[in-house]
Visitor: 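Right, I'll just put the structure down here and ask away after.
Lettering of chains follows the sequences in order, A, B, ..., and the numbering in each one begins at 1. Computed from a prediction, not measured in an experiment: that's the story for all the values here.
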2 protein chains.
Amino acid sequence: MKSSEALTTIFREQGLRVTPQRQEIFRLLDGDDSHPTVESLFDRARAHMATISLKTVYQTVHDLEALGEVRVLDLGTGSVRVDPNVEDDHHHLLCTACGLVRDLPVELDGLHVPIRYRRDFTVDDVQVIFRGRCDHCSDRV
Amino acid sequence: MKSSEALTTIFREQGLRVTPQRQEIFRLLDGDDSHPTVESLFDRARAHMATISLKTVYQTVHDLEALGEVRVLDLGTGSVRVDPNVEDDHHHLLCTACGLVRDLPVELDGLHVPIRYRRDFTVDDVQVIFRGRCDHCSDRV
DNA sequence: TGCTTGTCGACAAGCATTGTCGTTAGTGTG
DNA sequence: CACACTAACGACAATGCTTGTCGACAAGCA
Ligand SMILES: [Mn+2]
Ligand SMILES: [Mn+2]
Ligand SMILES: [Zn+2]
Ligand SMILES: [Zn+2]
């Protein structure tokens, strides 16, 4: 994801308005590798702006997604996760105990559909989810 | 998934009751590789049993899942898919246009977390989703 | 047959997300 | 800086999928 300043320019170029709410979300997402839910973004934004609405956070996230500045991941955890890292191709480790999502910055070799199964299907995208337990949750029996 | 007759025995052994509703669901799932949603199972069951409820279908699917007889997949399509194929390790192709889910009966080589990223994480399971377009949806521009 | 208890279906509620809408405020222009 | 245009705002209700509640029922067993 680009910087808050760069996003301001991009949004204006697209005819989208840059509001204090949106700038707050830009700042929160910049450099965040925690893959937050929209709700948790909302909570953090609300700490600074008491009146911001959940709807606004959803809308801004969707706008960022449409511009290719974030990726919205559905990892089957109930709510979607926002991933500002669109620069590096990567997959994810998901702790099924605490919900932690960690990047796996690796191009997995051999990850393609064998020819005999690729027939009659055009693959656009591959998503790999490694489920397990993070170190913190492994300790707890 | 085992046959309807075998499931009847297993359910009784577990203290679960075998009702006409459950047997209908056993029959519908046996050999079905379409990865139906619970709702679509409900619709098909209702064609034979007018009064069966959606709740009952959910409950039976969860019981089958607890016994390891089906897998419940969340592919990010809104509703979960029921997969009676628990015998063969496989992944999935998902058509993002029509929702079709096709098995990819392949152990993908090289699909493991590189050692330096595996540290501090215990992997239990890997899910791979290839998203794209099926032949039918590729034709339609 | 009769008892016990898991299951049934109707209904309402839960959760994440989106639609509606009247009001507010960002933006480019002059 | 004032203006006009219109996107975005927040409050609220609604959606879609799934689960909880509960009284009635019936499967299984003796
Ligand atoms: Mn990521
Ligand atoms: Mn399958
Ligand atoms: Zn954890
Ligand atoms: Zn298709």
Visitor: Using a cut-off of less than 4.0 Å, is there contact between a side-chain N or O of B:T19 and OP1 or OP2 of D:dA27?
Guide: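 No, no such contact exists.
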
Visitor: Salt bridge or not for A:D32 and A:R44, using N-O below 4.0 Å?
Guide: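 Between A:R44 and A:D32 there is a salt bridge, with a charged N closer than 4.0 Å to a carboxylate O.
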
Visitor: Could you tell me how far apart A:R46 (CZ) and D:dG10 (P) are, to the nearest whole angstrom?
Guide: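 A:R46 atom CZ is separated from D:dG10 atom P by 11 Å.
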
Visitor: Any chance the rings of B:F26 and B:F11 have centres within less than 6.0 Å?
Guide: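 Yes, they do, as the ring centres are separated by less than 6.0 Å.
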
Visitor: Does any nucleotide pair with D:dC29 by Watson-Crick or G-U wobble geometry, both distances under 3.5 Å, and what is it?
Guide: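 Answer to the pairing question: C:dG2, which forms a Watson-Crick or G-U pair with D:dC29.
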
Visitor: How many angstroms lie between CD in B:Q21 and OG1 in B:T56, if you round to the nearest 0.5 Å?
Guide: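 So the gap between those two atoms works out to 6.0 Å.
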
Visitor: A:Q59 CD to C:dT20 P: how many Å, rounded?
Guide: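 Spelled out: CD on A:Q59 to P on C:dT20 is 13 Å.
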
Visitor: Please report the interatomic distance OH(A:Y58) to CG(A:L41), rounded to the nearest 0.5 Å.
Guide: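 Those atoms lie 10.0 Å apart.
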
Visitor: In whole angstrom, give the distance that lies between atom CD of A:Q14 and atom P of D:dA8.
Guide: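 Checked: the CD to P distance equals 11 Å.
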
Visitor: At less than 4.0 Å, is any side-chain N or O atom of B:R17 found next to OP1 or OP2 of C:dT5? Yes or no.
Guide: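 Result: no.
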
Visitor: Salt bridge between A:D63 and A:R22, side-chain N to carboxylate O under 4.0 Å?
Guide: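 A salt bridge is present here (some side-chain N lies under 4.0 Å from a carboxylate O).
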
Visitor: Which residue is it: B:H35, B:R131, B:Q127, B:R102? I am looking for the one with a side chain to side chain contact (heavy atoms under 4.5 Å, CB included) to B:H92.
Guide: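 So, applying the side chain to side chain contact (heavy atoms under 4.5 Å, CB included) to B:H92 and each of B:H35, B:R131, B:Q127, B:R102, only B:H35 qualifies.
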
Visitor: Quick one: B:D43 CG to D:dC17 C1', roughly how many Å, whole number?
Guide: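 Those two atoms, CG and C1', are 14 Å apart.
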
Visitor: For A:F42 and C:dC15, give me the distance from atom CZ to atom P, rounded to whole Å.
Guide: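 Rounded to the whole Å, the gap is 16 Å.
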
Visitor: Identify, between B:L16 and B:T77, the residue whose nearest nucleotide on DNA chain D lies closer to the 5' end.
Guide: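 Going by which nucleotide is closer to the 5' end, it is B:T77.
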
Visitor: Any side-chain N or O of B:Q21 less than 4.0 Å from the OP1 or OP2 oxygen of C:dG9?
Guide: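 Answer is yes, contact under 4.0 Å.
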
Visitor: Starting at CD of A:Q23 and ending at P of D:dA7, how long is that distance when rounded to a whole Å?
Guide: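 Nearest whole value for this atom pair: 19 Å.
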
Visitor: Give the rounded distance in Å between these two atoms: CE of B:M49 and P of C:dT7.
Guide: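 Those two atoms, CE and P, are 15 Å apart.
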
Visitor: Please check the phosphate of D:dG10 (OP1 and OP2 only) for any side-chain N or O of A:T56 closer than 4.0 Å.
Guide: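 The answer is yes; a side-chain N or O of A:T56 sits under 4.0 Å from OP1 or OP2.
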
Visitor: By nearest atom, which of the nucleotides C:dT7, C:dT27, D:dG10 is closest to the A:I52 side chain?
Guide: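 That would be D:dG10.
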
Visitor: Working to the nearest 0.5 Å, report the span between CG of A:D30 and OG of A:S3.
Guide: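 Nearest 0.5 Å value for the CG-OG distance: 6.5 Å.
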
Visitor: To the nearest Å, how far apart are A:E24 CD and D:dA8 C1'?
Guide: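 Taking atom C1' of D:dA8 as the reference, CD of A:E24 is at 17 Å.
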
Visitor: For nucleotides 17-19 of chain C, which of its nitrogen or oxygen atoms have a protein nitrogen or oxygen under 3.5 Å away, and what is each distance?
Guide:
unit_1 : atom_1 : unit_2 : atom_2 : d
C:dT17 : OP1    : A:V80  : N      : 2.9
C:dT17 : OP2    : A:Y58  : OH     : 2.3
C:dT17 : O5'    : A:Y58  : OH     : 2.9
C:dT18 : OP2    : A:H62  : NE2    : 2.7
C:dG19 : N7     : A:K55  : NZ     : 3.3

Visitor: C:dG9, D:dA8, C:dG6: which one has an atom nearest the side-chain heavy atoms of A:R22?
Guide: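 Minimum distance to the A:R22 side chain belongs to D:dA8.
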
Visitor: Respond yes when some side-chain nitrogen or oxygen of B:R12 is under 4.0 Å from OP1 or OP2 of D:dG28, and no when none is.
Guide: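 True: B:R12 side-chain N/O within range (under 4.0 Å) of D:dG28 OP1/OP2.
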
